[in-house]
Amino acid sequence: MLGHNRKCPECGSADIVSDFNKGTSVCASCGLVLDTQIDLGPEWRAYNSSELQERSRTGSPITPLKAEMGLRTQIGNIRKDITGRTLPFTSQTKYRRLSRIDNRTRKSEIRNLRFALKELKRIKSQLELPADVAEMGAMIYRKALKKNLIRGRSIDGMIAASLYLACRKKKLPQTLKDIASVSNISSKELGRCIRIILQKLDLKISPSDYSALVHRLGISLRVTMKARRQAVKILNIARSKGATVGKNPMSLAAASLYISTIQTGERRTQQEIATVAKITPVTIRNRFKELVKILDAESKRTGNDSLRTLLI
DNA sequence: TAAGATAAGAGGGACAT
DNA sequence: ATGTCAGTCTTATCTTA
């Protein structure tokens, strides 16, 4: 049943939207479906396993990945009320007008969504993103569309931005560059779109998850788990000192891995790391210098020598 | 050859006007 | 709305070990 003043367990937003047509409550912020008041199971019985196999669903599933969510509702041109009596003329006019407005807005919206979701699916398959991320991206885009953020901007850019934000929500280590490289827009433009959505939609996006980036880089560089853990540890210290604000998370992950691989004796060159991280060695050097400073101060303060980087 | 230093330029955020 | 300023990141080039 519908409670009041609920909060989304995923993102804490109180912006819960109930859709009585579909019988669901959805978090307007992150797209999490909170409950379902209708029975989504089949309305028939399976008498043997082959029937279960071939008839395990009636109708298409409800999904934000389809332009009309897999369902369709529409205000028709109503002339009679539910008991069959003809409505007064003024009501008929009203419904005719509603129907027309409904049709118009619906048409442009659906057309936009068809286009957008096609692009979304293309990026999804190219980057091999999981379905739940794609669905969340679609929800974010729908929200942006409702708020009229799309008009006058490129659909491709806004879709890519929605997907990027969904990845951030789901803590997937995708960078802005990754998305931009498979989309036909530049990182610059993608950044602009992301900013627009972030500003206008009030999404609760946690700061980038360093550990996911570190592991992703670490795997590409074939370094041990030990080095990766050490890198994460370094970043946590840096963050506690406020040294990570405003820095590209990827460059921080790269620099901390550079340090940790030296400490564990599996050194990689700055160039090697820079290539995998798709940044420049100069940036690694800059972050590297800052991190070393912090780590030395920290080891002096705690007397913990394992952080020392003087051996370099 | 790897890595450090330096400089110049692009782009965006914060802030004042 | 527009301009300025500090800070980030990139690219290029030269130097050092």
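First the proteins, then the strands, lettered A, B, ... as listed; each starts at 1. Just the heavy atoms: all of them, side chains too, but no hydrogens, waters or symmetry mates, feed the values below.
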Euclidean distance, atom CZ of residue A:R287 to atom C1' of C:dT10 [Å, nearest integer]: 12 Å
Separation of C:dT16 P from A:R285 CZ (nearest whole Å): 15 Å
Hydrophobic cluster membership, A:I219 vs A:V276, 4.5 Å side-chain cutoff: no
Protein-nucleotide distance (A:Q270, atom CD; B:dG4, atom P), rounded to Å: 5 Å
Of all pairs that satisfy salt bridge (Lys or Arg N to Asp or Glu O under 4.0 Å), the ones with a partner from residues 210-232 of chain A, not counting sequence neighbours: A:D178-A:R216
Proximity to the side chain of A:N286 - top-ranked nucleotide from C:dT10, C:dT8, B:dG4: C:dT10
A:T280 side-chain proximity, nearest of B:dA5, C:dT10, B:dA3: C:dT10
Sugar-phosphate, base or nothing in reach of A:T283, heavy atoms under 4.0 Å: base
Distance below 4.0 Å between A:K289 side-chain N/O and B:dG4 OP1 or OP2: no
Same apolar cluster (I L V M F W Y, side chains within < 4.5 Å links), A:L252/A:V282: no
A:K247 vs C:dT8: side-chain N/O to OP1/OP2 distance below 4.0 Å: yes
Test side-chain hydrogen bond (donor to acceptor under 3.5 Å, both in side chains) applied to A:S220 - qualifying residues, sequence neighbours left out: none
Closest to the A:V282 side chain, choosing from B:dA3, C:dA12, C:dC9: C:dA12
Value in whole Å for how far the P atom of B:dG4 lies from CD of A:E290: 14 Å
Qualifying residues under salt bridge (charged side-chain N to carboxylate O under 4.0 Å, His left out), relative to A:K200, sequence neighbours excluded: none
Check the interface with nucleotides 12-16 of chain B: list each N/O to N/O pair with the protein under 3.5 Å, or write none.
from: B:dG12; atom 1: OP1; to: A:R192; atom 2: NH1; distance (Å): 3.4
from: B:dG13; atom 1: OP1; to: A:R195; atom 2: NE; distance (Å): 2.7
from: B:dG13; atom 1: OP1; to: A:R195; atom 2: NH1; distance (Å): 3.4

Between C1' of C:dC9 and CG of A:N248, the distance in whole Å: 8 Å
Among B:dA3, B:dG4, C:dT10, the one nearest A:R267 by side-chain distance: B:dA3
Atom-to-atom span, CD1 of A:I279 to P of B:dA3 - whole angstrom: 13 Å
Quiz: residues 188-198 of chain A side-chain donor-acceptor pairs under 3.5 angstrom, not counting sequence neighbours:
from: A:R195; atom 1: NH2; to: A:G191; atom 2: O; distance (Å): 3.4

Rounded distance (Å) that lies between atom P of C:dC9 and atom NZ of A:K278: 17 Å
Length of the CZ-P vector between A:F288 and C:dC9, whole Å: 17 Å
Pairwise 5' ranking along DNA chain C for A:V245 and A:P281, keeping only the more 5' one: A:V245
Counterpart residues, side-chain hydrogen bond (donor to acceptor under 3.5 Å, both in side chains), relative to A:N286 (two or more places apart): none
